[in-house]
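These notes concern the structure reproduced below.
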Amino acid sequence: MVTLSKWRFSKWSEKLFGTPRLEPLVSFSFLFPIIYLVLFLIVPVLVMLGNAFDYNGHLSLYWFKSLTMRYYFNPLHPSGYLFKKTAEGVYYFYGWDFGVILNSIIVSLSVMGLTTLLGTIFAFVMARYDFPGKNIVRILLFVPLLVTPFVNIVIIQKMFSPGGLIDWIFYNKLHILPHPIWLDGLIGVIVAQTMTYYPMVYLNAYASFINIDPSLEEQAENLGSRGFHLFRTVTFPLALPGIAAGAVLVGIFSLEDLAAPIVFQGAPIARKLMSFQIYSAFTSPIGLIGTPQLSALALVMLGVSLVLFFSIRAYVGRKQYSMLSKGGRWNPRVSKPKWWQAIIIYLLVIPTILLTIFPQIGVVLLAFSKRWYSTWPQGFTLENIKAVVTQPGVTRVIMNSLTYSTAAIVIILILSLTSAYAVNRFRKAKLAPVLDSLSTIPIAVSGIVIAMSYFVFFSKVPPFKNIPSLNPLNLLKFNPAFLLILAYSIRRLPFAARSISAGMQQVHVSLEEAAINLGAKRWKAVTGILMPMIVLNVLGGAMLSFVYCMSETSVGITLGHMNPTYMPITAKMKELISSSVGSAHLAAGLGVFLMAIQIAAIVLANLITKQRTSFIGVT
Amino acid sequence: MVEVRLENIVKRFEGTTALKGISLRIHEGELFTLLGPSGCGKSTTLRIIAGLEFPDEGEIYFGGERVTYLPSNVRRAVMVFQNYALWPHMSVFDNIAYGLKLKKMPKEEIAKKVEWALELVKLKGFENRYPTQLSGGQQQRVAIARALVVEPRVLLLDEPLSNLDAKLRLEMRSEIRRIQRELGITVIYVTHDQEEAMAISDRIAVMNVGTVEQVGTPKEIYEEPKTEFVASFMGKTNVIPARVVDRAGDRVAVEFGSVRLDGLRYTGDSDEVVVVIRPERIRIAPGENTVSLRGKVDLVEYYGFFVEIIGIFDEHRIIARLMSDKGLEKFKPGSDITFYVDRDDIIVLPKQQI
Ligand SMILES: Nc1ncnc2c1ncn2[C@@H]1O[C@H](COP(=O)(O)OP(=O)(O)OP(=O)(O)O)[C@@H](O)[C@H]1O
Ligand SMILES: [Mg+2]
């Protein structure tokens, strides 16, 4: 017999956690991710940012004012030039310099614009036209998704250099270009980031086009709209929220990107970006990391990302109509292209797609070659691939990365399972919106800001600063493992969290309620009913997060590089591409290794999702 | 099997008060129905009885035991969900055995009980199927078997028939009634379909925006509605706003338009009233104690064994349901007609703010 007094009603438990009695599992699901994210994301960032207001020990805006110096902010008298003709007759593209802050914003906006253009066109063609060779193109479009830190940018730099692939095709062979071109500086950064990040828009736009209820377009056609008018007035507005979400993500990634500025840093203007400025302190004497001025700059960068992030969240939240799929299947509107559309597809769209996947192909070529001076690489070799498996300096970084990523994944799974469960199942709890925002915010906090704030936090704040292996100032004893695992677990949380949360939304809550109602404890209902039904989302999310942990750059090349014994793959790759001639080939070998892991993950994910349990009785 | 008692249950959600003080007493072994329009709080009441939701005020008793805050998993008030909530990754056997396994019952005993439950719902031989391989009606039987096998103190059914087609609905309706009689179990049944409620229930509670309007047997609810809402909710009926113009003891005369009806029973205070006349109580021939209404035919609708004549009486439309008969052909739209109703068949109720 159950005694009554045991089941008392707790008003504050209901308020905070949405359960009238304090349930350990539910309160843990709220508190663990909240405490973790506050402790290892919010507090470090705040501690670092506190720096920005500290001028000789008192509160001041001095450091923000210092950011209005020409070096940082120069809207009226830009130096530099868009392009010039060199003595050899090459058109050299470089970029205007409006100061660090404006440069970053301009690059970010340009990349957003260009990726939106490419991504939307590709997505529209793929979603709406049926043409011979489409399946091959579909597979090709997966290639740019493969992440190969630094080395793909090295290839892009080669493509757009004198004698590179672009000049070879368009100047030497096709004679379309009147002069050879050379993209460098900020223009190089913009092109490199566009080619790297456009799949983000493509995927979002494709999903949006596919999800538009065909009857909406049919109705418009029925009323006399067709062709571009139909696209402009119905199709595009319906897909816009999805496209915009992808574009904003790209904007944030561009702001925080380090790979392109690092590869293009030979042109001084490429260093004049916020992310690079913050990063460069890590390559100078250690005392310069996290100075108040850089903290202020980091705050500006964080501010721009957060503005982008929250405006898109508000916008997409308001305009979710394109996602209003009414359930049931419909015939997607796919048609055969007209003759002129076919010409555009085959002569413009597909060649552009081929160019955008060249970086990944180039990485493979680079990995299997001895030299690469002009258009094509020379001298086939397996040395670099062999080194990946045998050379101790290389296998060690692989082991390091595998270890950190595995540990991070365990944490990520706990974080995303608990937070998804808490937010999806206890929406009335006062903590639910808090946790919801907290768990998506890592998208907007750039890696380099995390790196810098961890540096400050773990070197200044007790008890951490007293633990030699955690304090980055303690050069000999410092082991970045713990900090890297923390950083990975937070930066890559959104991937798994999204997938798991989507899974939980698909499982009707009554399935768990039925179990509890039949006598199961909550723990039993979660592990016995909910978990088996979302296992595929968990696996998928875990693999995605794992893959992106392996290729994490910002924190890896900064904190992760402070003690070379413990550095991760990406730090090694950065070291290789910026050191002596020829070592880029080895970096490419590591890039191929990373690609192999990603392909394995994609194939595996596709295999297991083929056999989904379909959910019945969910109305 | 137990008596269920709700005392002044109040439940608030953000912005709305879903239940505004509900008191009910559901007798041991009866089939009790919560009936009301969408959003009136039926599911919320049921979920509170199941322990899936907790009231902000009020108490719930099972027999002598106060169970207001008793967790669902030890309450043994088992619910059959509207969407059945069968677990797609478990076979029919495992679905039904779930509650028994939680009790750590020996395997043979579980097998025996599951077999008993399957027999009860006439699904023997379906043990190894998965829910996706069952039809809607079969899925529902599994859901009922799963609930019954744990021997609940009270069985809760939330619109169990709403996902089934019309024919299956009738079939499952009598199935549920048969099982309830066989086991003598207390059942609380939720529906928004008044016909279904009448057919299946021992007693009905009619709910309206978070309150209980009336509790009674189907016959009482239908024939002696206590409020305008109940009267108008129970089937197609004539509810005509009127004024009391004369009182004599418990008899009154009322008027609407130029129509005056006298000698009607009414004891309320308010002079603003509604006159409720069931369509099937209207005749076209005078009787001993009848009042008459003179008007014109607006529409004649033919339904097979009965005919509905809609008459207009000073802008008030009144429906009469008459057995199909030879004499009715003469009524065409526009022709004169007189309706007769026995005074005791007319219900006068205070007008209600709905
Ligand atoms: N979890 C909830 N949060 C907020 N409001 C709720 C919640 N559940 C129910 N409500 C509100 O409480 C009221 C009663 O809802 P309830 O589901 O009990 O109605 P119902 O009578 O079962 O209706 P239906 O016939 O449509 O199922 C409604 O106004 C509903 O919007
Ligand atoms: Mg309901």
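Side-chain contact check for V507(A) versus R425(A): some heavy-atom pair is nearer than 4.5 Å.
Residues A514(A) and R146(B) approach most closely at CB-NH2, 3.5 Å, considering heavy atoms.
Chain A forms more heavy-atom pairs under 4.5 Å with one residue of R76(B), K101(B), R47(B) than with any other, namely R47(B). For the set P152(B), S72(B), A50(B), A143(B), the entry with the most heavy-atom pairs within less than 4.5 Å of chain A is S72(B).
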Assess the residue pair L155(B) and L148(B) against the criterion (side chain to side chain contact (heavy atoms under 4.5 Å, CB included)); give the C-alpha distance rounded to whole Å, side-chain angles, the decisive distance to 0.1 Å, and a yes or no. CA-CA 8 Å; L155(B) 180 69; L148(B) 286 174; 3.9 Å; yes
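Residues F126(B) and F93(B) place their aromatic rings such that the two centres sit no closer than 6.0 Å.
Residue contact with chain A, scored on non-hydrogen atoms closer than 4.5 Å, involves the backbone of A77(B) exclusively. Neither the backbone nor the side chain of Y130(B) has a heavy atom closer than 4.5 Å to any heavy atom of chain A. The part of V150(B) that comes within reach of chain A is its side chain, from C-beta onward, which places non-hydrogen atoms under 4.5 angstrom from that chain.
Remark: R66(B) fails to qualify as a cation-pi partner of Y61(B) under the 6.0 Å distance and 45° angle criteria applied to the six-membered ring.
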